[in-house]
Structures are given as structure tokens and as C-alpha cells.
Amino acid sequence: MNEALLLITERLENRQSLQALMPKRVWDAALDERIAELPLALSTAPRADRPALIALKAGLHLLNESLAVSHSYAQEIEDDATGRYWHGIMHRMEGDFSNANYWFRMAGAHPAMQRLQDRAADWIRNGTVLNDLPAGPTRDGLADIARRARWDASAFTGLVQLQESGRAGEDARSALEYVQHLELAELFAHTWQAAKHALG
């Protein structure tokens with residue numbers, strides 16, 4: 001595996017703060033340049049492998065909160081479920097919630113969603129988050145995630161939209177950021193496995 005790629009993923013995995021629900025700037029500008037310079041041989045890769053490699057770049061940039069660059073890659077693979085899912089998360093993070101939901105519908109039941117649902121429900125059920133939050137729509141929405149059998153990206157987008165509208169207390173922000181962290185981690189794990197196969 002490419003050493004530069006491993007160093008980039010290590011830096012992203014070891015960051016101290018979670019990705020913001022709606023980032024205002026790139027987390028690490030120098031890292032964004034390193035991601036852009038990754039030699040993934042997109043032009044010479046077999047056609048079937050290109051979506052996985054492009055999704056990897058889209059995901060790395062989004063984990064670094066570089067929304068515009070992530071978007072440019074996601075647009076190249078709009079016919080790929082993983083590209084559509086990255087596309088949806090990017091639009092949610094920029095505050096374009098209806099467009100995010102469109103891309104989540106287009107992504108369909110993505111393979112990363114089941115593991116995400118299991119992890120999010122487990123964290124909510126076995127943690128103190130529901131006890132720590134005041135009664136209201138965010139608490140109810142998180143409790144609903146814990147009861148669901150399948151991940152609903154649009155329902156989670158509704159919770160983020162509520163938070164960013166100012167109609168929910170700031171005490172819920174860290175819980176939503178953690179659920180988003182789980183979502184990003186599971187989608188990246190799926191993306192990474194597909195890219196490793198493509199990279200050989």
C-alpha cells in the first residue's frame with residue numbers, strides 16, 4: 001500500500017476533534033494538498049477500479065473537511081453508490097439538506113449502513129447520551145435511531161438540520177457529531193477496502 005496514503009489516513013484517524021456538522025474551513029490545508037497529490041493512477045487504472053479510487057479521494061478530502069474538493073470527486077462517480085453516499089454527506093455538511101437527501105436516496109441501501117446502524121444504536125442504547133440530553137426532538141430522534149433496524153441517512157440529516165437551525169440546544173451537538181463520526185468511519189472503511197482491492 002502506498003506509504004503516503006497510509007500516513008494521510010493515520011493523520012486523519014488521530015485527529016483530536018471530530019468533524020464539524022457544518023465545517024467552516026478545511027481542517028488541515030497542508031494535508032489537503034497531500035491528499036490531492038496522492039498518485040492513485042486514475043488514468044491508467046482499469047475502468048472497473050476507477051470509482052473506488054475516486055471515492056477514496058472524495059472520502060479523504062471530506063474527512064479533512066475539504067467540502068469543495070470532495071464534491072468535485074463525488075461528482076465524477078455519481079453512478080456509484082459509494083460516490084453517491086459521499087456526495088450526500090458533503091451536501092449535508094455544507095447545509096444543503098434537500099440535496100443531501102436526494103443523494104442518500106440515490107445511494108440506496110449502501111453496504112456501510114448496516115454496520116453504521118449497529119454501531120450508532122449500540123452507542124445510544126449503552127451510553128448516557130439519552131439521559132444527558134433534555135427532552136425534545138433531538139433526544140427523540142436519537143432514541144429513534146436506537147430502535148431502528150436500518151440506518152436512515154435522511155432522518156439523521158433532519159437532526160443535523162434542526163441543530164444547525166438554532167432550534168436545538170448546543171448540548172446535542174457533540175452527540176450528533178459523534179454519530180456523524182461513526183457514519184464517516186463506516187463509509188470510509190468500506191471505501192478503503194474497495195480501494196485496497198483496486199490498488200492491488
Side-chain angles (χ1 to χ4, degrees), residues 1-46 49-78 80-97 99-100 103-104 107 110 112 115-116 119-120 153 156-157 160 163-164 170 173-200:
M1 181 63 57
N2 183 312
E3 184 178 343
L5 178 55
L6 292 173
L7 291 171
I8 288 167
T9 57
E10 182 178 301
R11 172 89 171 114
L12 289 166
E13 289 170 357
N14 292 329
R15 64 181 283 182
Q16 298 298 307
S17 59
L18 298 177
Q19 287 81 6
L21 296 176
M22 286 181 58
K24 305 297 183 225
R25 63 188 160 281
V26 174
W27 176 66
D28 183 332
L31 184 65
D32 217 48
E33 290 177 20
R34 288 171 47 205
I35 296 167
E37 293 168 358
L38 277 174
L40 298 182
L42 295 174
S43 61
T44 59
D49 291 342
R50 289 182 194 153
L53 297 174
I54 295 169
L56 180 65
K57 284 236 182 172
L60 289 168
H61 282 291
L62 198 59
L63 290 172
N64 194 36
E65 298 175 304
S66 181
L67 276 58
V69 180
S70 176
H71 188 227
S72 69
Y73 283 105
Q75 286 180 311
E76 291 183 39
I77 49 172
E78 292 181 341
D80 176 76
T82 300
R84 291 171 177 170
Y85 200 172
W86 283 119
H87 203 154
I89 295 173
M90 188 288 307
H91 280 301
R92 188 183 68 216
M93 291 174 84
E94 75 173 354
D96 187 351
F97 303 113
N99 206 0
W103 286 107
F104 292 139
H110 190 277
R115 176 107 171 99
L116 165 59
R119 288 185 69 192
F156 182 66
T157 296
V160 173
Q163 181 67 40
E164 294 300 330
E170 281 301 304
R173 181 174 299 280
S174 62
L176 295 175
E177 285 177 345
Y178 187 74
V179 173
Q180 177 180 260
H181 164 74
L182 296 176
E183 180 182 41
L184 291 167
E186 289 304 325
L187 183 56
F188 188 74
H190 175 85
T191 303
W192 178 255
Q193 285 304 312
K196 278 187 0 184
H197 173 75
L199 290 167

Calculate, to the nearest 0.5 Å, the distance between atoms [atom1] and [atom2] belonging to [X] and [Y] respectively.
| X | Y | atom1 | atom2 | value |
| --- | --- | --- | --- | --- |
| Glu183 | Ile89 | CD | CD1 | 4.0 Å |
| Asp49 | Ile54 | CG | CD1 | 11.0 Å |
| Leu187 | Leu63 | CG | CG | 8.5 Å |
| His71 | Leu62 | NE2 | CG | 11.0 Å |
| Asn2 | Thr9 | CG | OG1 | 10.0 Å |
| Leu182 | Leu18 | CG | CG | 9.0 Å |

Would you list the atom pairs, donor with acceptor, under 3.5 Å between side chains in residues 27-35 and any protein atom, with sequence neighbours excluded?
| residue | atom | partner | partner atom | Å |
| --- | --- | --- | --- | --- |
| Asp28 | OD1 | Ala30 | N | 3.1 |
| Asp28 | OD1 | Leu31 | N | 2.9 |
| Asp28 | OD2 | Arg11 | NE | 3.1 |
| Asp28 | OD2 | Arg11 | NH2 | 2.8 |
| Asp32 | OD1 | His61 | ND1 | 2.8 |
| Asp32 | OD1 | Asn64 | ND2 | 3.2 |
| Asp32 | OD1 | Ser66 | OG | 3.4 |
| Asp32 | OD2 | Ser66 | OG | 2.8 |

Residue pair [X] / [Y]: nearest heavy atoms and the distance that separates them:
| X | Y | answer |
| --- | --- | --- |
| Leu60 | Leu5 | CD1-CD1, 3.7 Å |
| Ala58 | Ala74 | CB-N, 4.0 Å |
| Gly88 | Ala100 | O-CB, 3.2 Å |
| Met22 | Phe97 | SD-CZ, 4.0 Å |
| Ala195 | Leu53 | O-CD2, 4.2 Å |

What class does the angle between the rings of His87 and Trp103 fall in, given that below 30° is parallel, 30 to 60° is tilted and above 60° is perpendicular? parallel
*Residues that Glu65 engages under side-chain hydrogen bond (donor to acceptor under 3.5 Å, both in side chains), provided they are two or more places apart*: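 Partners of Glu65 by the side-chain hydrogen bond (donor to acceptor under 3.5 Å, both in side chains) criterion, ordered by chain and then number, come out as Arg15.
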Quick note, salt bridge (charged side-chain N to carboxylate O under 4.0 Å, His left out) partners involving residues 80-89, not counting sequence neighbours, are none
Review point. What residues, two or more places apart in sequence or in another chain, satisfy ring-ring contact (aromatic ring centres under 6.0 Å, His included) together with Tyr85?
Key: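 Tyr85 satisfies ring-ring contact (aromatic ring centres under 6.0 Å, His included) with Phe104, His110 only.
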*Listed by chain and number, what are the side-chain contact (heavy atoms from CB on, under 4.5 Å) partners of Glu94, not counting sequence neighbours?*
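Glu94 satisfies side-chain contact (heavy atoms from CB on, under 4.5 Å) with Leu67, Met90, His91, Asp96 once adjacent residues are dropped.
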Suppose we screen for side-chain contact (heavy atoms from CB on, under 4.5 Å). Which residues come up paired with Ala194, at least two apart in sequence or across chains?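 With neighbours one apart ignored, the set is Ala52.
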Checklist entry - Which is it for Glu76 and Lys57 under the salt bridge (charged side-chain N to carboxylate O under 4.0 Å, His left out) test, yes or no, and what are the steps along the way? => result CA-CA 11 Å; Glu76 291 183 39; Lys57 284 236 182 172; over 6 Å; no
Practice problem: Go through the structure and list residues passing salt bridge (Lys or Arg N to Asp or Glu O under 4.0 Å) with Glu170, not counting sequence neighbours. | Solution: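 Salt bridge (Lys or Arg N to Asp or Glu O under 4.0 Å) list for Glu170, sorted by chain: Arg173.
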Distance-only, no hydrogens or angles: does the Glu186 side chain make a donor-acceptor pair with backbone N or O of Ala112 under 3.5 Å?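 It does not hold such a pair.
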*Is there a donor-acceptor pair under 3.5 Å between the side chain of Gln19 and the backbone N or O of Gln180?*
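Such a contact is absent between Gln19 side chain and Gln180 backbone.
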Tell me, do Trp86 and Ile77 make a side-chain contact under 4.5 Å, heavy atoms counted?
no
